[in-house]
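Below you will find the structure I want to go over with you.
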Amino acid sequence: MQLDYFQLIDRILDLNTEEKTITVEAEVPKTSTIFEGHFPGYPIMPGVLLIETMAQTSGWLLLALMKFQRMPFLAAVKEAKMRGFVTPGELLTVEAKIVHEGSGYAITDAKVKVAGKLRSNATITFSHVPFPNPDLRGHMDAVAKRIGFPLAILT
Amino acid sequence: MSSTFDQVATIIAETCDIPRDTITPDSHAIDDLGIDSLDFLDIAFAIDKAFGIKLPLEKWTQEVNDGKATTEQYFVLKNLCARIDELVAAKGAGA
């Protein structure tokens with residue numbers, strides 16, 4: 001994870017396009033400027049970043065299902081719950097599954113776990129559109145390589 | 001149609017917190033009820049689930065943007081319900 005660059009996912013552990021599920025892993029950094037303010041003397045990962053982590057996890061699943069032809073963007077977050085603190089150095093396992101695939105939008109359920117215990121979950125809505133420009137597509141390709149996106153599933 | 005309308009009106013009332021008695025078959029979802037595109041995603045989700053269909057929102061939006069259709073054709077509720085009935089019938093015919 002590099003919190004300030006919004007690189008919140010380290011690696012994809014499992015991506016199943018038939019079951020429409022994904023599991024990823026991410027290690028919360030031991031130090032970050034974000035922890036200097038959130039909170040001084042008591043660093044915890046901000047809930048909004050846990051939501052973003054779940055959104056990015058869901059986003060990779062949607063990218064896979066749409067074969068990188070369209071880009072999902074966060075549209076709504078419902079039932080987001082922060083069930084326990086996430087602290088520097090912890091290893092997160094993040095899971096997402098498709099709830100519904102609509103026309104131009106999709107809904108997922110996502111969970112953040114630490115050592116098998118649920119720390120956060122949310123129902124997330126995305127709108128998706130064709131990639132707006134080649135630069136964004138190139139960036140997503142580069143991130144896909146970094147996090148071990150299984151390119152073979154696209155063929 | 002009336003049954004479809006009742007379901008759709010209930011969905012809209014519950015999803016957007018709009019008084020049920022203000023929703024009529026002639027209501028325009030956008031112009032009269034003030035439903036925006038994000039709220040309409042929630043409505044589309046509820047309609048998709050309730051009727052087992054997939055509202056072709058992207059196609060409709062494209063047709064409106066291209067000037068091939070008017071918003072009234074898809075977003076006045078009696079017309080929306082007619083489209084839903086067509087989609088349900090097409091699904092039944094294809095099953």
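First the proteins, then the strands, lettered A, B, ... as listed; each starts at 1.
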V143(A)-L92(A) co-clustered via ILVMFWY side chain contacts under 4.5 Å:
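Result: yes, single cluster for both.
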Is it true that atom CZ of F85(A) has more than 12 heavy atoms of other residues, nucleotides or ligands lying nearer than 6.0 Å?
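Open.
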Chain A neighbours within residues 11-23 of chain B, where any heavy atom lies under 4.5 Å away
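The list, in residue order, is empty: none.
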What about F75(B) and L80(B), same hydrophobic cluster or not, with Ile/Leu/Val/Met/Phe/Trp/Tyr joined at side-chain heavy-atom distances under 4.5 Å?
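Yes, it is one cluster - the side chains of F75(B) and L80(B) are joined through contacts under 4.5 Å.
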In residues 42-49 of chain B, which residues are in contact with chain A at a heavy-atom separation under 4.5 Å?
D42(B), A44(B), F45(B), D48(B)
Can you give me the closest heavy-atom contact between H128(A) and E58(B), atom names plus distance?
O-OE2, 4.0 Å
Hey, any chance I153(A) and I9(A) share a hydrophobic cluster, counting ILVMFWY side chains that come within less than 4.5 Å of each other, even indirectly?
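Yes, it is one cluster - the side chains of I153(A) and I9(A) are joined through contacts under 4.5 Å.
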Answer with yes or no whether the hydrophobic clustering places M66(A) together with Y105(A); edges join I, L, V, M, F, W, Y residues whose side-chain heavy atoms lie under 4.5 Å apart.
no
So which heavy atom on K54(B) is nearest to which on E101(A), and how close?
CE-O, 3.7 Å
Side chain, backbone, both or neither: which part of L38(B) has a non-hydrogen atom closer than 4.5 Å to chain A?
side chain
Same cluster for L8(A) and L13(A) if Ile/Leu/Val/Met/Phe/Trp/Tyr side chains link at under 4.5 Å?
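L8(A) and L13(A): separate clusters.
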Please determine, among L41(B), T61(B), L55(B), the option with the most heavy-atom pairs under 4.5 Å with chain A.
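Option with the top pair count is L41(B).
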Between P56(B) and S103(A), which heavy-atom pair has the shortest distance, and what is it?
C-OG, 3.5 Å
